[in-house]
**Student:** 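The structure follows.
None of the values given here were measured: they were computed from a predicted structure.
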Amino acid sequence: MYRSGDVITSKPRTPEMDGGRYHRAGLGFILMSTDLAAEQDFFTMAPEGVGVHITRLKTDDYTTPETLAQHIANMAEAAARLQPDMKPEVISYSCTSGSIVNGEDRVFEQIAKGAPWTQPMCLVTGVVDAMRELGARKIVVGTPYLDAINVAEAEFLVQKGFEVLDLQGLNLETGLEFGRVTPAYWKKFALEIDHPQADAIFLSCSGIRSLEVIEEIEQAAGKPVVTSNQAQFWSCLRRAGITDQLTGFGQLFSQAGTSLLP
């Protein structure tokens, strides 16, 4: 029995250790402070042994090219906070529109500055990876964004070699509004904008609740559906050498394992 003032001397022991809970890989994500969807989506998709590490960038809850451009100033600091002792294999900036506004190369440069041990990534890189994996060239796109952002996204996708048959936005102004649109509405919207010649439907934005209706849309439309969080997470896994085929997240994850290791 311990009494106040007693000296404690623990017996020598040899603890049993393994590779830890996240022994296969660690993935880091830099989210906007207003994002209401991505964090849960990542934990939902994470295979056994893969760690998901999150930090957030303070952002105005008014999503315009001007507010998105402010993210780059704090990107390196955010990357440096993501489990620096564990050194995640990949760190990704988790904002579709922000990736486009700031540019992939600038984002990669800042992430590498803060976390030189990792593979830098951003969301739109994952989207392009996913589209190419699915063999999708002609696409339709649905977003929650203002049309000023929609124009920038259409230009980006065309420059990457895709034929954008249609791009429609909801013209919502804030990230909190993005996260309040129901999954059922995203299904309805996706089927409304679908085009007979489209190879795939892309629902753009990390802050929307589209992950849970991917397979419902695919069944109704008869074609692959890509969402921002699904595509980004798939690409990050592949870049970390994790090629698991997962169920419940659309045709992308049912593809035979493809590594994107550098």
Side-chain angles (χ1 to χ4, degrees), residues 29 38 41-42 45 90 92-101 103-105 107-108 119-145 149-169 186-187 189-191 193-208 210-211 213-240 242-246 248-262:
F29 296 94
D41 283 355
F42 298 151
M45 290 184 284
V90 182
S92 183
Y93 169 45
S94 183
C95 181
T96 317
S97 52
S99 298
I100 293 168
V101 168
E104 292 170 283
D105 290 342
V107 170
F108 296 166
Q119 294 181 63
M121 258 283 289
C122 68
L123 198 152
V124 292
T125 307
V127 169
V128 172
D129 288 342
M131 294 289 193
R132 290 175 177 167
E133 175 72 13
L134 292 166
R137 181 177 171 274
K138 298 180 180 181
I139 60 175
V140 293
V141 185
T143 88
Y145 310 136
I149 297 173
N150 290 327
V151 169
E153 178 150 0
E155 290 288 341
F156 171 84
L157 291 168
V158 168
Q159 289 171 11
K160 289 294 184 179
F162 300 104
E163 187 174 339
V164 180
L165 301 179
D166 195 10
L167 192 155
Q168 293 289 308
W186 285 111
K187 176 182 176 181
F189 185 37
L191 296 175
I193 65 173
D194 188 21
H195 189 286
Q197 295 181 15
D199 301 319
I201 300 168
F202 173 37
L203 295 177
S204 175
C205 184
S206 67
I208 63 174
S210 54
L211 180 75
V213 288
I214 289 174
E215 296 210 331
E216 292 180 27
I217 302 169
E218 288 188 341
Q219 290 168 9
K223 64 188 62 174
V225 173
V226 172
T227 75
S228 287
N229 291 338
Q230 167 226 38
Q232 176 184 211
F233 199 76
W234 175 87
S235 182
C236 286
L237 285 172
R238 271 38 181 180
R239 288 170 184 275
I242 306 297
T243 59
D244 298 22
Q245 291 176 265
L246 307 177
F249 312 120
Q251 294 182 38
L252 178 63
F253 269 108
S254 67
Q255 302 283 105
T258 302
S259 175
L260 295 176
L261 280 169

**Student:** Starting at OG of Ser92, measure out to CZ of Phe108 and round the result to the nearest 0.5 Å.
**Tutor:** 8.0 Å
**Student:** To the nearest 0.5 Å, tell me how far Phe249 CZ sits from Glu218 CD.
**Tutor:**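 Nearest 0.5 Å value for the CZ-CD distance: 12.5 Å.
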**Student:** Side chains of Cys236 and Phe42: does their closest heavy-atom pair fall under 4.5 Å?
**Tutor:**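 In short, these two side chains do not touch, never coming nearer than 4.5 Å.
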**Student:** Over all heavy atoms of both residues, which pair between Asn150 and Gly169 is shortest? Give the atoms and the distance, please.
**Tutor:**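 Reported closest heavy-atom pair: ND2-CA, 3.6 Å.
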**Student:** Looking only at heavy atoms, which two atoms of Leu260 and Ser235 are closest? And how far apart?
**Tutor:**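 Heavy atoms only, the tightest pair is CD1-OG, 3.9 Å.
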**Student:** Can you tell me how far apart CG (Leu203) and CG (Asn229) are? Round to the nearest 0.5 Å.
**Tutor:** 11.0 Å
**Student:** I'd like to know whether Asp166 forms a side chain to side chain contact (heavy atoms under 4.5 Å, CB included) with His195, so could you lay out the CA-CA distance, the side-chain angles of the two residues, the decisive distance to 0.1 Å, and finally the verdict.
**Tutor:** CA-CA 8 Å; Asp166 195 10; His195 189 286; 6.0 Å; no
**Student:** Would a distance-only check, ignoring hydrogens and angles, find a side-chain to backbone donor-acceptor pair under 3.5 Å from Lys187 to Glu216?
**Tutor:**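 Answer holds: no.
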**Student:** Nearest 0.5 angstrom please: Cys205 SG to Tyr145 OH, how far?
**Tutor:** 4.0 Å
**Student:** To check you understand the geometry: which heavy-atom pair defines the closest contact between Ala198 and Lys223, and what is its length?
**Tutor:** O-NZ, 3.0 Å
**Student:** Taking the side chain as everything from C-beta on, heavy atoms only, tell me whether Gln230 gets closer than 4.5 Å to Leu252.
**Tutor:**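 Yes - at least one pair of side-chain heavy atoms lies under 4.5 Å apart.
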**Student:** Quick check: closest heavy atoms across Ala221 and Leu191, and the distance to 0.1 Å?
**Tutor:** CB-CD2, 3.9 Å
**Student:** Name all residues meeting the side-chain contact (heavy atoms from CB on, under 4.5 Å) criterion together with Ala231; count only those two or more places apart in sequence or in a different chain, and write none if there are none.
**Tutor:** Val127, Ala130, Val226
**Student:** Going by heavy atoms in the side chains, are Thr96 and Phe156 under 4.5 Å from each other?
**Tutor:** no
**Student:** When you look at Glu153 and Thr143, which way does the side chain to side chain donor-acceptor pair (under 3.5 Å) test go after all the steps?
**Tutor:** CA-CA 10 Å; Glu153 178 150 0; Thr143 88; 5.6 Å; no
**Student:** Report yes or no: does Asp199 contribute a side-chain atom to a donor-acceptor pair with the main-chain N or O of Lys138 at less than 3.5 Å?
**Tutor:** yes
**Student:** Excluding sequence neighbours, so at least two apart, what forms side-chain contact (heavy atoms from CB on, under 4.5 Å) with Ile193?
**Tutor:** Val140, Gln168, Phe189
**Student:** Report the C-alpha separation of Thr227 and Trp186 in whole Å, then their side-chain angles, then the decisive distance to 0.1 Å, and conclude whether the side chain to side chain contact (heavy atoms under 4.5 Å, CB included) test is met.
**Tutor:** CA-CA 11 Å; Thr227 75; Trp186 285 111; over 6 Å; no
**Student:** Apply side chain to side chain contact (heavy atoms under 4.5 Å, CB included) to residues Phe253 and Leu237 and explain how you reach the verdict.
**Tutor:** CA-CA 11 Å; Phe253 269 108; Leu237 285 172; 3.8 Å; yes
**Student:** Hey, could you give me the CD/CD1 distance between Glu155 and Ile100, rounded to the nearest 0.5 Å?
**Tutor:**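 Nearest 0.5 Å value for the CD-CD1 distance: 10.5 Å.
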**Student:** For Ser204 and Pro144, work out which heavy atoms get closest and say how close.
**Tutor:** O-CD, 3.1 Å
**Student:** Quick one, Leu157 and Met131 - any side-chain contact, counting heavy atoms below 4.5 Å?
**Tutor:** no
**Student:** Show your reasoning for whether side chain to side chain contact (heavy atoms under 4.5 Å, CB included) applies to Phe202 and Leu167.
**Tutor:** CA-CA 9 Å; Phe202 173 37; Leu167 192 155; over 6 Å; no
**Student:** CD of Glu104 to NZ of Lys160: how many Å apart, nearest 0.5 Å?
**Tutor:**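 If I round to the nearest 0.5 Å, the distance is 4.0 Å.
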**Student:** Between Arg239, Met45, Glu133, which is the residue that forms a side-chain contact (heavy atoms from CB on, under 4.5 Å) with Trp234?
**Tutor:** Glu133
